[in-house]
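These notes concern the structure reproduced below.
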Amino acid sequence: MQIQLNGEPRTVEDDADLDRLIADLGLDGRRLAVEVNGDIVTRAARAGHALHDGDRIEIVHAIGGG
């Protein structure tokens with residue numbers, strides 16, 4: 001299926017969820033803000049949050065520094 005990830009088209013498996021997408025991106029274990037179709041998805045809700053064709057996903061990860 002097709003999704004939009006940070007404004008770019010991306011193909012994912014039909015049974016993909018947010019946790020799998022985050023792992024595929026190499027971002028698991030990082031501090032992230034995730035939004036799907038304009039709604040924030042909490043860390044606790046990511047594993048069960050199935051992706052659907054046409055979803056618009058924004059992922060931002062925090063980078064520490066000083």
Side-chain angles (χ1 to χ4, degrees):
M1 80 179 122
Q2 289 288 335
I3 63 170
Q4 290 283 320
L5 176 62
N6 293 346
E8 298 292 326
R10 184 177 184 96
T11 302
V12 297
E13 298 293 325
D14 287 342
D15 61 347
D17 65 19
L18 279 177
D19 265 356
R20 184 185 304 171
L21 177 63
I22 289 167
D24 288 349
L25 294 171
L27 296 174
D28 46 342
R30 297 190 186 192
R31 295 180 60 192
L32 303 172
V34 180
E35 182 181 279
V36 177
N37 300 323
D39 295 322
I40 298 292
V41 180
T42 65
R43 179 181 296 234
R46 289 181 198 159
H49 192 101
L51 299 179
H52 300 94
D53 194 46
D55 277 351
R56 294 176 330 288
I57 299 154
E58 297 290 329
I59 299 176
V60 178
H61 67 277
I63 299 174

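As the structure is a prediction and not an experimental result, all values here were calculated from the model.
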Drop me the distance from [X]'s [atom1] to [Y]'s [atom2], to the nearest 0.5 angstrom.
X     : Y     : atom1 : atom2 : value
Asp14 : Asp53 : CG    : CG    : 8.0 Å
Leu5  : Thr11 : CG    : OG1   : 11.5 Å
Glu35 : Asn6  : CD    : CG    : 10.0 Å

Check [X] against [Y] and note the closest heavy-atom contact, atom names and distance.
X     : Y     : answer
Ala47 : Asp19 : CB-OD2, 3.1 Å
His52 : Ile3  : O-CG2, 3.8 Å
His49 : Val36 : NE2-CG1, 3.8 Å
His61 : Arg30 : NE2-NH1, 3.7 Å

### Query
Got more than 12 heavy atoms from elsewhere within 6.0 Å of CD, Gln4?
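Atom CD in Gln4 is packed in, count exceeds 12.
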
### Residues Glu13, Asp24; criterion side chain to side chain contact (heavy atoms under 4.5 Å, CB included); working and verdict
CA-CA 11 Å; Glu13 298 293 325; Asp24 288 349; over 6 Å; no

### Query
What's the verdict on side chain to side chain contact (heavy atoms under 4.5 Å, CB included) for Ile22 and Val34, showing C-alpha distance, side-chain angles and the deciding distance?
CA-CA 10 Å; Ile22 289 167; Val34 180; 4.2 Å; yes

### Message
Let's go through Arg46 and Asp17 carefully: what are the C-alpha distance in whole Å and the side-chain angles of both, what is the deciding distance for side chain to side chain contact (heavy atoms under 4.5 Å, CB included) to 0.1 Å, and is it a yes or a no?
### Response
CA-CA 7 Å; Arg46 289 181 198 159; Asp17 65 19; over 6 Å; no

### Query
Are Met1 and Ile59 joined in one hydrophobic group, where the rule is that I, L, V, M, F, W and Y side chains link up if heavy atoms are under 4.5 Å apart?
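Linked within one cluster.
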
### Query
Out of curiosity, does Leu27 fall in the hydrophobic cluster containing Leu21 (side-chain heavy atoms, cut-off under 4.5 Å, transitive links)?
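Cluster IDs for Leu21 and Leu27 match.
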
